[in-house]
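First the structure, in the form of structure tokens, and then the observations on it.
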Number of protein chains: 2
Amino acid sequence: MTAKNSYSDIKKTVLARIRDHTWPPGSIIPGEVELSEEFGCARATVNRAMRELAEDGILDRKRKAGTRVNKFPIRHAKFAIPLIRTEITSTGAAYRYTLIDKKSLTAPAWLRARLGLPDNAKTLHLQCLHFADNIPFQFEDRWININAVPSVEHADFTTDGPNEWLIKEVPFTDVEISFSARVADKEIAEYLSLSVGEPVFTTERITWLSGNPITFARFSFGRGYSLKTRF
Amino acid sequence: MTAKNSYSDIKKTVLARIRDHTWPPGSIIPGEVELSEEFGCARATVNRAMRELAEDGILDRKRKAGTRVNKFPIRHAKFAIPLIRTEITSTGAAYRYTLIDKKSLTAPAWLRARLGLPDNAKTLHLQCLHFADNIPFQFEDRWININAVPSVEHADFTTDGPNEWLIKEVPFTDVEISFSARVADKEIAEYLSLSVGEPVFTTERITWLSGNPITFARFSFGRGYSLKTRF
DNA sequence: TATGTTTTTATGTCTATACATATCATCAAG
DNA sequence: CTTGATGATATGTATAGACATAAAAACATA
């Protein structure tokens, strides 16, 4: 009868009990009915609290088996992946964009393999630079599957980056993002004012529309960039 | 009256309408009552569907103002941050852990600044290596605030890593994670079998318990590591 | 003993209803 | 023209009750 009744209060109470080892890792916790009686609220309210804690990886729930405290909570870090324009302007810096190169090419072998494209697949290859206060911030190397997005051939990328165009024009269903540390090659070093061989924080992104690859993009960030999240 | 009624069906339908530009980016979509009539279900069901889409960053909802399609839908990428042991064993590789060094030290200035610790703060400094199939996978450099976790002085880290111990023993409320690309120094190069100067994918983590810093850890990953997510 | 079959049960979802609350829109007063 | 009060309204949350479903547990059969 602890006179708590909102689902977020229940979440807090449950988290507190996990933290103070009232309900230690791996243990089973009371069922929804019992908890709803204790908290003096409806089962649906307890259900929402428990469901959200399970989504956060704190609890592990199974029908009939009950709810347990996860032994090794898989924390889900949420990273904001904003538009590069938003990322730069939100720091107060001025955003500037330049299109370096734009060419229609048959997809190279590595790209065909990566995206599962047929031989002779036509692609549009773009290279762009994004500046923050006129300092090079991000080098973008992008390939677009022309077969999947025919209209891209007539798009003009001189004022807006391809990402902004794609988000507006092309729907997608799946995205894969990866983060890694790479070596700056001559090209990247030049564009980002680095030395060849310096480490470069790199993200790669592939997007599909119902299984059909749309675009592959590699983003190389300037010196000292780091991606942060707090939760 | 599209005869769909489960909340996940509604999510799919809404997503489809966003993709085919029935509801273009930035547009306002019908209210919950109207949609519940269209789908022939209760408002609560529509509410759950819309709430989850909003959590995913697809929709933007405001009381009274209604629900809009987010102009830039990929706002958040979720990464699972598993235990290193889990990460390695889930690939089928064998996990091995070694404690390299363990020392009680007064916190160095950079750490005091980073965590907001007082002068002369006592810390436990640990260096560990995590192997996948006997190949060095991750080098862990960790500092634990002894003041916040006195019992850590008697903990034995020879068989289990400090992360596993901390998760079991010490509750925390806040985490900050950052990703970056760093240069391998002599120490890291040796432990991870790299050359000095090679790029190293690095994550740093700070955890707090209600504002009180618990631990700072820097994880350096072996050559070619990348962090992936798909959604 | 081993293998299906049935029962039981905790979670999963849905409904109908109610009230709370933020905020947009309108209109009035200064 | 600005500021402040007042509705109207869409989302936010809660409730009680119902049925669905997965899976553990108990039972029955070969």
Side-chain angles (χ1 to χ4, degrees), chain A residues 1-15 17-18 22-71 73-74 76, chain B residues 1-15 17-18 22-71 73 75-76:
Chain A
M1 297 290 187
T2 346
K4 300 251 179 183
N5 50 9
S6 88
Y7 82 95
S8 56
D9 289 338
I10 293 175
K11 279 177 78 169
K12 278 180 204 150
T13 306
V14 170
L15 276 173
R17 286 189 191 173
I18 294 172
T22 306
W23 293 335
S27 65
I28 198 160
I29 73 177
E32 295 186 350
V33 177
E34 194 178 324
L35 287 176
S36 67
E37 279 157 13
E38 185 201 335
F39 294 128
C41 67
R43 183 172 79 89
T45 307
V46 174
N47 180 277
R48 178 163 176 192
M50 308 301 257
R51 175 161 37 84
E52 291 190 0
L53 288 170
E55 273 162 20
D56 293 347
I58 308 289
L59 299 176
D60 197 24
R61 323 190 74 202
K62 255 197 273 181
R63 275 174 162 134
K64 160 76 185 175
T67 300
R68 316 189 146 266
V69 180
N70 208 322
K71 262 190 191 141
I74 296 177
H76 290 273
Chain B
M1 298 291 186
T2 345
K4 301 253 179 180
N5 50 7
S6 89
Y7 82 95
S8 56
D9 290 338
I10 293 175
K11 280 177 78 169
K12 278 178 205 151
T13 306
V14 170
L15 276 172
R17 288 190 190 173
I18 293 171
T22 305
W23 294 335
S27 65
I28 197 158
I29 73 177
E32 295 185 350
V33 176
E34 194 179 324
L35 287 175
S36 67
E37 280 159 11
E38 186 201 334
F39 294 129
C41 68
R43 184 171 78 90
T45 307
V46 174
N47 180 276
R48 177 162 177 193
M50 307 301 258
R51 175 159 37 85
E52 291 190 0
L53 288 170
E55 272 162 19
D56 293 346
I58 309 287
L59 299 176
D60 195 26
R61 323 190 75 201
K62 257 198 268 179
R63 276 174 161 134
K64 161 74 184 177
T67 300
R68 319 189 143 266
V69 180
N70 206 318
K71 270 192 186 137
R75 293 289 298 228
H76 298 284

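Residue numbering restarts at 1 for every chain, and letters A, B, ... go by the order of the sequence lines.
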For the pair made of [atom1] in [X] and [atom2] in [N], what is the distance, rounded to whole Å?
{"X": "A/E52", "N": "D/dT13", "atom1": "CD", "atom2": "P", "value": "8 Å"}
{"X": "A/L59", "N": "C/dG12", "atom1": "CG", "atom2": "C1'", "value": "16 Å"}
{"X": "B/D60", "N": "D/dT11", "atom1": "CG", "atom2": "C1'", "value": "13 Å"}
{"X": "A/K64", "N": "D/dT21", "atom1": "NZ", "atom2": "P", "value": "18 Å"}
{"X": "B/K62", "N": "C/dC24", "atom1": "NZ", "atom2": "C1'", "value": "10 Å"}
{"X": "A/E32", "N": "D/dC19", "atom1": "CD", "atom2": "P", "value": "19 Å"}
{"X": "A/N47", "N": "D/dA20", "atom1": "CG", "atom2": "P", "value": "18 Å"}
{"X": "B/R43", "N": "D/dT9", "atom1": "CZ", "atom2": "P", "value": "15 Å"}

Closer to the 5' end of DNA chain C via nearest nucleotide, is it A/T67 or A/A44?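 Nearest-nucleotide comparison on DNA chain C picks A/T67.
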When all nucleic acid strands are considered with a 4.0 Å heavy-atom cut-off, which category describes B/R48: base, sugar-phosphate, or nothing?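 Sugar-phosphate contact only.
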Under 4.0 angstrom between B/R61 side-chain N/O and D/dA10 OP1 or OP2: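 So the side chain of B/R61 is outside the cut-off, no N or O lying under 4.0 Å from OP1 or OP2 of D/dA10.
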Distance check: side-chain N/O of B/T45 vs OP1/OP2 of C/dT15, anything under 4.0 Å?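 For B/T45, the contact criterion (side-chain N or O under 4.0 Å from OP1 or OP2 of C/dT15) is met.
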Lys/Arg-Asp/Glu bridge criterion (N-O < 4.0 Å) met for A/R61, A/E32: yes
Should A/E55 and A/K11 count as an ion pair when the cut-off is N to O under 4.0 Å? no
Under a 3.5 Å distance rule, please check whether A/T45 uses its side chain to pair with a backbone N or O of A/C41 as donor and acceptor.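 Checked: no pair found.
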As an exercise, state the distance from CD1 of A/I28 to CG of A/L59, rounded to the nearest 0.5 Å.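 Taking CD1 in A/I28 and CG in A/L59, the distance rounds to 11.5 Å.
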Select from A/A65 and A/A42 the residue whose nearest nucleotide in DNA chain D is closer to the 5' end of that strand. A/A42
